Amino acid sequence: KIPLLIGATSAALTDNIDNPYFHRLRCSDTIMAEVAASYAVSNYGAKKIGIFYCSDDYGSGAMHTITKWCDANGVEYYEAGHNAGDKDLSTQILKVKEENCDVVIMWAHDDECALAARQFYEQGLNMPVTTIATPQVYSLCNAEWIEGWNYVTDFIAENPSELVQTFSKNYDEKYGSTPEIYAATYYNGVYAFADAAKRATSLESADLCEALKTINLDTLYGVYTANE
């Protein structure tokens, strides 16, 4: 019964955990994955989506969201799963190519995203790809591998918001690097907790939790509010 604020996004956290003290600092992949699928159709006219995903909770949760959305909207899809830590994704990439997918949505961890980017490029898959956006992925890629790719994300340091620009400037001055999504997430978390502590009737766990439920706070992601 201690308030927990977390930046993880797996759909499994929402589906499998019934804990009123649990608060997510970023939106679920059920939302992010649906946005990616909708964008693939509305922006590229995709008739068939390749879902390139890691088979753990993180990737499979997003995969199930995308397939559910596709089924509801009459869009074909092909699922190509892999394991975290795999060193060769060429078989899965070849299947995506053979299935004549129009767009690929990639839900994988940093190392596998970069590996897939290189092998997509080497196998000549010239199609739109949507994936995660972190400097950790960029740093592992040559620019030509990811030219024209799209990213579904809740934070980029280039956001012209005054809050984001001040944070990015201060972060760079202190750490000598550009802030990425997890730095921003837990920065938000500290201020969300501070806001709750100021408004709570006491610093007891139950009162802090109640204050978190009524949050209305400007953050690097926009305005934080809470729902179930």
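Side chains included, hydrogens not; waters and symmetry mates left out as well; all remaining heavy atoms used. Computed from a predicted structure; not experimentally measured.
The shortest heavy-atom contact between I49 and C70 is CD1-SG, 4.0 Å. Annotation for K48 and E99: closest pair NZ-OE1, 2.7 Å, computed over non-hydrogen atoms. Shortest non-hydrogen contact noted between K1 and S205 is O-CB, 3.0 Å. Summarising the geometry of T153 relative to M32, their closest heavy-atom pair is CA-CE, 3.9 Å, with the distance given to 0.1 Å.
Distance check, rounded to the nearest 0.5 Å: CG of L94 to CD of Q119 gives 11.0 Å. Here the straight-line distance linking atom CD of E79 with atom OG1 of T67 works out to 6.0 Å at 0.5 Å rounding. Atom SG of C113 sits about 10.0 Å away from atom CH2 of W107, to the nearest 0.5 Å. R118 contributes atom CZ, which lies 11.0 Å from atom CG of L140 (distance to the nearest 0.5 angstrom).
In the model, Q165 has no side-chain atom that pairs as donor or acceptor with a side-chain atom of N159 under 3.5 Å. Defined by atom type and a distance below 3.5 Å, a donor-acceptor pair is missing between the side-chain atoms of N216 and T225. Under the 3.5 Å distance criterion, with hydrogens and angles disregarded, a donor-acceptor pair is assigned to the side chains of T185 and Y221. For the residue pair N150 / Y44, a side-chain donor-acceptor distance below 3.5 Å is found, with atom types taken as modelled. A donor atom on one side chain and an acceptor atom on the other are not found under 3.5 Å apart for S10 and D57. Side chains of D218 and Y224: a donor-acceptor N/O pair is absent below 3.5 angstrom, by distance only.
Under the 4.5 Å side-chain heavy-atom criterion for Ile, Leu, Val, Met, Phe, Trp and Tyr, F193 and I2 are members of distinct hydrophobic clusters.
Under the 4.5 Å side-chain criterion, counting only non-hydrogen atoms from C-beta, T131 is in contact with W149. Using a 4.5 Å heavy-atom cutoff, the side chains of S60 and S55 are not in contact.
Between K47 and E76, no side-chain nitrogen of the basic residue sits less than 4.0 Å from a carboxylate oxygen of the acidic one, so the salt-bridge criterion is not met.
Less than 6.0 angstrom separates the ring centroid of F120 from the ring centroid of F52. The six-membered or imidazole ring of Y186 lies away from that of Y182, with a centre-to-centre distance of 6.0 Å or more.
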